[in-house]
Amino acid sequence: MFWNLLKKELREVLTVSSVVVVVVVSFVYGFIGRTVGSVEKEISKKPLVAVVNLDKEGFGKAIEQSVGNFADVVYMGENIDDGLKKLQDNGGTALLVIDESFTRSIQSGEKGKIKVLWMLRGLGIADTISSTVFERFCKNVEDQVRMSLMTEYGVENPQLVMNPVEKVDATFFNKKTFDGLSPSQLLNLTSSQTTMTSVVMMMLIIMAGTTVISSMGLEKENKTLETLMTMPVKRSYIVFSKILAATIAGLVMAGIYMVGFNFYMKSFTISSTASLGLTLNTWDYVLVGISLFSALLCGIGMSMFLGIISKDFKTAQTMTFPLTALAIFSMLVTMFKDFSSLSMPLKVIIFAIPFTHPMLSIRNLLFGKSLFVIYGCIYNIVLSVILISLITRIFNSDRLIVGVSLRKAKRQVT
Amino acid sequence: MKTIQVDNLKKNYGSFQALKGITFEIEQGEIFGLIGPNGAGKTTTLRIICTLLRPDAGSVRVFGHDLLTEPHEIRKVISYLPEDAGAYKELTGIEYLRFIARFFAKDEKHFNQMVERGVQIAGLSDRLRTKVSTYSKGMTRRLLIARALMVNPKLAVLDEPTSGLDVLNAREVRNTIKEFVQNGGTVLLSSHNMLEVEFLCDRIALINNGEIVKTGTPKGLKEEFGLSNVEEVFTEVIRCSGTC
Ligand SMILES: Nc1ncnc2c1ncn2[C@@H]1O[C@H](COP(=O)(O)OP(=O)(O)OP(=O)(O)O)[C@@H](O)[C@H]1O
Ligand SMILES: [Mg+2]
């Protein structure tokens, strides 16, 4: 008896579509795992650095000699521009500038200055990993100075021996130098805004998408769609009204989220990025809006497809998983990595997923890369037009009523 | 005048032949019944006539409009009631009627007339102001029948109109359908209830396995087979179409 029941329940739960969904989802997470995996590999690597030594005396020399033990040195010399160029060509992490009065300062009991110019490749969380490696390297350098200091002079000024080096940070990102900021500080300043767009976008896609999918499932189950399609209304109106309603609802939700987030963030974010010359003008906000709108359209278009495939309300619910997975994947990848620091195949994938564009938009606009955002918008709009025209075509055929069944295809094969 | 002309209609689902060449005609002002066992192809036929499915072969003309070239014209003159359908659960009954009336009404007066007719046919009185999600099966059916007939279509296509209704409600719906025809409408319906068919239909077509095996008036068919009611005719015809 129990076995009989269990068998029936299992057949209901383990349908082909649910298994396919799980396979897709696990594939997606496997993918994320591999991206993060390559990050871990980066941590254990030695950093690539350039050293500009303007200090001709003892301590500078000591650093010069020992630096090779902790890092791969691509440039060692006296010209900052040359060093910077070498570093950029080799994709290095940072440029170390040893102040010309480095040894003299320490000898006279003051801290020696080292300026660190960080190369930031992207604004994703994982993009700073290589600078974490570099922080360790800096400690090593400092230890080196401390050691020389103690062997030569003993501990006559303990305060100085504990802390002989003053590190001055600057970050070089996207052709701009941000003085007095380490990469993580820069990231903190920008990430609150970019994280907001990522999270809002993800939630929007999931909410608007599931609404559309389940409404399609419900309409099929209740045959209300069937009724509507025998009435004197253009079928494209039926499609448009559904998509537009979901989009408007999505934008309203987005607006509410944004306002909420802004209140939450206002005190410490907006002012500080503004002081760096990182602000968005009206045109930028319009672009973000377009990006959001077009991505939402694509997401809703995709949901309509999933809704068309689903037979009733229950299958509709399983159909929301691929969409959810895609939205979460987009959010995670864009949070971990910046577009520019991705490998080529990943770049293609990330560009192809419409949701990533609004997620990256604010970050790109803050740093003046509006062209990328515009391309993203164009791509999204083209994609949504294609999706909508395909859906309208399906509405005009009898696929919607007959259903798109896998079984039918199989039957034709055999 | 011929309201509907269906000629050699064929429809496949994948490799399965659901309709194998259906031919019939309906006169204006007639109630025409499509009668057949489960899976015979009744719903498929009705869906094709209502522009929901594309036929694989054959032709359909509704009030002179060709199904393939002028589906939109057909949609203007028909009203379709799907089998076991529902309404939008978030709307109240009256809101649903108003929603539908908007598609057909020419002006505000026409709109109000339609809704009023709908309220009358539905006969749900106060319950029309509660949400459809709280309705029983029979109540939903009444609402949908009201929706289908209130717009005064030239042709009403009703797939098992009285399924799920109790005896009293079913009677009332039958009377509504009769009334609708007396006021100049035409009805194509499918049914499993032979009593209903005998009471309602001017002519019937018996359909089995995607083919029409017999057409005629209920009276004529009874006489032809020498049987006392349509149910026996049905049994005889279906039995015969398999073996004879
Ligand atoms: N979407 C579909 N895909 C595959 N086969 C279908 C589909 N819809 C209907 N069929 C098949 O077509 C045949 C006719 O179905 P149809 O719904 O027209 O029967 P019916 O006469 O309305 O039956 P009932 O009295 O049970 O409502 C059945 O064998 C059914 O299995
Ligand atoms: Mg049927």
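Chain letters run A, B, ... following the sequence lines, proteins first, then strands; residues in each count from 1.
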Please say whether the positively charged group of Arg147(B), taken as NZ for Lys or CZ for Arg, lies over the ring of Tyr96(B), i.e. under 6.0 angstrom from the six-membered ring centre and within 45 degrees of the axis.
->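 Arg147(B) over Tyr96(B) ring: no.
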
If the threshold is 4.0 Å, N to carboxylate O, is there a salt bridge linking [X] and [Y]?
| X | Y | result |
| --- | --- | --- |
| Lys223(A) | Asp84(B) | yes |
| Glu219(A) | Lys242(A) | yes |
| Glu27(B) | Arg203(B) | no |

Of the listed residues (Val233(A), Asp398(A), Leu218(A)), which shares the most heavy-atom pairs with chain B below a 4.5 Å separation?
->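 Max contact count across the listed options: Asp398(A).
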
Portion of Leu228(A) that has a non-hydrogen atom of chain B nearer than 4.5 angstrom |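 Just its side chain gets close to chain B.
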
Which one of Lys89(B), Lys76(B), Glu73(B), Arg47(B) has the most heavy-atom pairs closer than 4.5 Å to chain A?
->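 Winner by heavy-atom pair count: Arg47(B).
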
